[in-house]
Structures are given as structure tokens and as C-alpha cells.
Amino acid sequence: MKIGISSSVFLDSNANLKDTLDFLEKKVNFVELVCDGNINIMEQKNIDISYNYDLNYTIHCPLTDISLSSYREKVRKFSISYVKEIIKVANKVDAKLIVLHPGHNIFKYDYDKSLNSLIKSLNDLNMLQNEYGIKITIENMPSYDMFMFRSPIEEIISNLGDLGITFDVGHSFLNNNIEEFLDKNIVDKISHIHIHDNNGEYDEHLCIGDGKIDFKKYQNKLSGINCITMIELQNKNIEHIDKCISNLKKLYDL
């Protein structure tokens, strides 16, 4: 079992990427790089910095500006084209995979159009994955109505093709569907895990054990998934990183 930490714990802090990787390299061997804020891996200076560490990387695509579900075709096509730029950077830093948010839809009248757009994007992403030889994963979203892919609906799962799922345990708990994602017909699609805790009301990104998720209940299935489990904390919880690593090792009997 591989344990990593998302660099997002330093987002909107005063740290630069060097500070971030100096800190994380002492904790784990796997780090998820991000495409936003003060530690944006899409900047050439940060690409150069990443080469100086004995770390294995994944990349989380931007949290803003792109939407795979936009029914405005120019926006959707731009989103795909920008993913292509991220993939090129991923290959430069030898990232193992990339993580994408599925996009969003504000108005219920537009949901079917947004779902159709997401399905088109999944097809385009399969072609990019085949072309560039890097694993592309789609992350399940928290329980806010605007987000797509809050649950493993058939229309999305059946159109993933060779794409994987980044299974966010905290998001899934908010939607009360952890068991659905860990179902035998879906679990094999999970290529990456984001793990954090919450109290069931909003996406707090707490240390494992500090919220209400009964991780022991899912211990066997989670530990049986052969992928990187990436701890995702917010900057306000950075002092809990060591405890979170320890709790995760206990969960996985490491």
C-alpha cells in the first residue's frame, strides 16, 4: 500500500513549492501536485523545482476555470485542450496519473445537457490517455447540488472506458454512498484514493479519526485496492499530518 500527501495542504499559504516539497519529502514518498495558487505545477519554475526531489508524483488538475461538463462546446473543448497541456507537464515530471474534477451544473434544467457533455469529455479523455500513456482519473464530488458525479451512476460508470476513478472517501461519506463505490462492480475502476474525514455536514478535510467516518468498517476493501492513498488536508490542519499518517498506517496494518 502506497501512502502519499496532497500538496494542497499548502495551498493559499506563504509556502512556495520548494518549501512544500522540502516538508513533504520527509513524510512520504508520494506527493500530489496541484495546478493552482502558490504551488502551481504548470509554472516552469515549479516544474524545474520538482526535479530536485526523490518523490513520486500525481497531478490534480485545476479546481477552477475548466469544466468537462460544460454544454457550451467551446468551453468543453477548451477544458479538454488544457487537460492535454497538463498531461504534457505530467510526463515531464514523470507523474503516475492525473486527477480531474468532472465539472458542474448550476441549473437542474441543464443537467441532461451537462451529463451528455461529460460523456463526450470522457470519450475525449480516453483518446488522450491512449495517446500519451498516462492514467487519467475522475474524482467523485461532495454533496453540493451543482457538482456532477456525486454518486456512481450508470451513465458515467458505463462511459468511463479505460479511465479510472479517484475515490474520495470524504466526499462519498457526505453522499452516503461509500458502499456503492466499493461495490465489486465498481471498485476495480478505482485507481487512486483521496482520504480525509468530516462530520457528515460539509467537506472539512479533517485528519482521519477526527470526524465521523467509520474507517474500520471499510478497512478490508480500502486496503485491498492497489493504488496510492493520498491524504488530503487543509492548511489549517497541517499540524495533524503526522497523526494522519499514523492513523492511516494503522488502518492498513502497515
Side-chain angles (χ1 to χ4, degrees), residues 2 4 6 30-36 40-42 44 46-47 50-51 55-105 113-141 147-149 151-168 181-194 224-230:
K2 308 176 189 74
S6 173
F30 297 87
V31 169
E32 188 164 271
L33 302 168
V34 297
C35 299
D36 296 286
N40 184 358
I41 190 57
M42 297 301 288
Q44 184 60 51
N46 287 333
I47 295 173
S50 71
Y51 297 147
L55 289 166
N56 297 283
Y57 298 120
T58 66
I59 293 182
H60 197 304
C61 294
L63 303 177
T64 59
D65 296 334
I66 68 174
S67 177
L68 301 178
S69 301
S70 178
Y71 62 85
R72 295 176 173 87
E73 186 66 0
K74 288 183 179 180
V75 176
R76 191 193 73 82
K77 285 186 173 180
F78 165 78
S79 298
I80 295 295
S81 68
Y82 196 70
V83 172
K84 188 173 181 178
E85 295 304 308
I86 296 167
I87 290 172
K88 292 176 181 178
V89 170
N91 283 337
K92 287 181 181 179
V93 303
D94 196 26
K96 305 304 179 186
L97 57 78
I98 66 171
V99 180
L100 277 163
H101 283 184
H104 55 273
N105 170 69
K113 292 187 289 184
S114 293
L115 180 60
N116 288 334
S117 291
L118 177 56
I119 291 169
K120 288 169 66 176
S121 293
L122 296 177
N123 182 61
D124 290 342
L125 293 170
N126 268 280
M127 290 190 286
L128 286 180
Q129 181 171 266
N130 292 335
E131 180 180 356
Y132 288 94
I134 187 169
K135 191 67 179 178
I136 299 175
T137 68
I138 307 298
E139 181 179 356
N140 61 299
M141 294 285 94
F147 287 127
M148 307 293 286
F149 196 36
S151 62
I153 62 171
E154 174 63 21
E155 292 93 334
I156 294 177
I157 298 299
S158 64
N159 283 287
L160 283 174
D162 293 326
L163 304 179
I165 293 171
T166 286
F167 176 51
D168 191 300
F181 275 101
L182 296 178
D183 180 86
K184 63 182 180 180
N185 296 317
I186 296 175
V187 70
D188 287 344
K189 284 286 188 182
I190 296 175
S191 305
H192 196 47
I193 294 173
H194 284 169
I225 300 171
N226 184 25
C227 68
I228 304 167
T229 298
M230 199 70 68

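- The shortest heavy-atom contact between Asp168 and Asn140 is N-OD1, 2.7 Å.
- A donor-acceptor pair is defined here as one N or O able to donate and one able to accept, closer than 3.5 Å; such a pair exists between the side chain of Asn126 and the backbone of Leu122.
- For Asp183, the CG atom counts as densely surrounded, since its 6.0 Å shell holds more than 12 non-hydrogen atoms of other residues, nucleotides or ligands.
- To the nearest 0.5 angstrom, Ile66 atom CD1 is 8.0 Å from Cys35 atom SG.
- A donor-acceptor pair is defined here as one N or O able to donate and one able to accept, closer than 3.5 Å; such a pair exists between the side chain of Tyr57 and the backbone of Ser50.
- Side-chain N or O atoms of Gln129 include one that pairs as donor or acceptor with a backbone N or O of Ile136 at under 3.5 Å.
- Between Ser117 and Ser70, the shortest heavy-atom contact is OG-O, 3.1 Å.
- Considering every non-hydrogen atom in both Gly164 and Ser191, the closest pair reads CA-OG, 3.5 Å.
- Of the candidates Asn105, Ile156, Asn159, Leu115 forms a side-chain contact (heavy atoms from CB on, under 4.5 Å) with just one, namely Ile156.
- Rounding to the nearest 0.5 Å gives a distance of 10.5 Å between CG of Leu163 and CD1 of Ile157.
- For Ser114 (side chain) and Tyr71 (main-chain N/O), no donor-acceptor pair under 3.5 Å exists by modelled atom type.
- Between the CG atom in Asn123 and the CG atom in Leu160 there is a gap of 12.0 Å [rounded to 0.5 Å].
- Lys120 is not listed as a side-chain neighbour of Asn116, based on a closest heavy-atom distance of 4.5 Å or more.
- A salt bridge does not link Lys77 with Asp124: none of the charged nitrogens is closer than 4.0 Å to a carboxylate oxygen.
- Looking at every heavy atom in both residues, Ile41 comes nearest to Ile47 through O-CG1, 3.2 Å.
- Formation of a donor-acceptor pair under 3.5 Å by the Ser69 side chain with backbone atoms of Pro102 is found in this model.
- In this structure, Asn56 contributes its side chain and Phe30 its backbone to no donor-acceptor pair below 3.5 Å.
- With hydrogens and angles disregarded, a donor-acceptor distance shorter than 3.5 Å links the side chain of Lys189 to the backbone of Gly161.
- Aromatic ring pairs are classed by plane angle as parallel below 30°, tilted from 30° to 60° and perpendicular above 60°; the pair Phe78 and Tyr82 is parallel.
- Atom SG of residue Cys61 and atom CG of residue Leu33 lie 11.5 Å apart, to the nearest 0.5 angstrom.
- Between the side chains of Ser121 and Arg76, a donor-acceptor pair is found at a separation under 3.5 Å.
- Taking CG of Leu97 as the reference point, atom CD1 of Ile59 lies at 9.5 Å (rounded to 0.5 Å).
- Exactly one residue among Thr137, Leu182, Thr166 makes a side-chain contact (heavy atoms from CB on, under 4.5 Å) with Ile190. That residue is Leu182.
- Ring centers of Phe181 and Phe149: under 6.0 Å apart, within the cut-off.
- Judged purely by atom type and a 3.5 angstrom limit, Lys135 has no side-chain atom pairing as donor or acceptor with the backbone of Val99.
- Scanning all heavy atoms of the two residues, the minimum distance from Gly4 to Met230 falls at C-SD, 3.4 Å.
- If you take OG1 on Thr229 and NZ on Lys2, they are separated by 9.5 Å, rounding to the nearest 0.5 Å.
- For Thr58 (side chain) and Ile98 (main-chain N/O), no donor-acceptor pair under 3.5 Å exists by modelled atom type.
- Classified by interplanar angle (parallel below 30°, tilted 30° to 60°, perpendicular above 60°), the ring pair His101/His60 is perpendicular.
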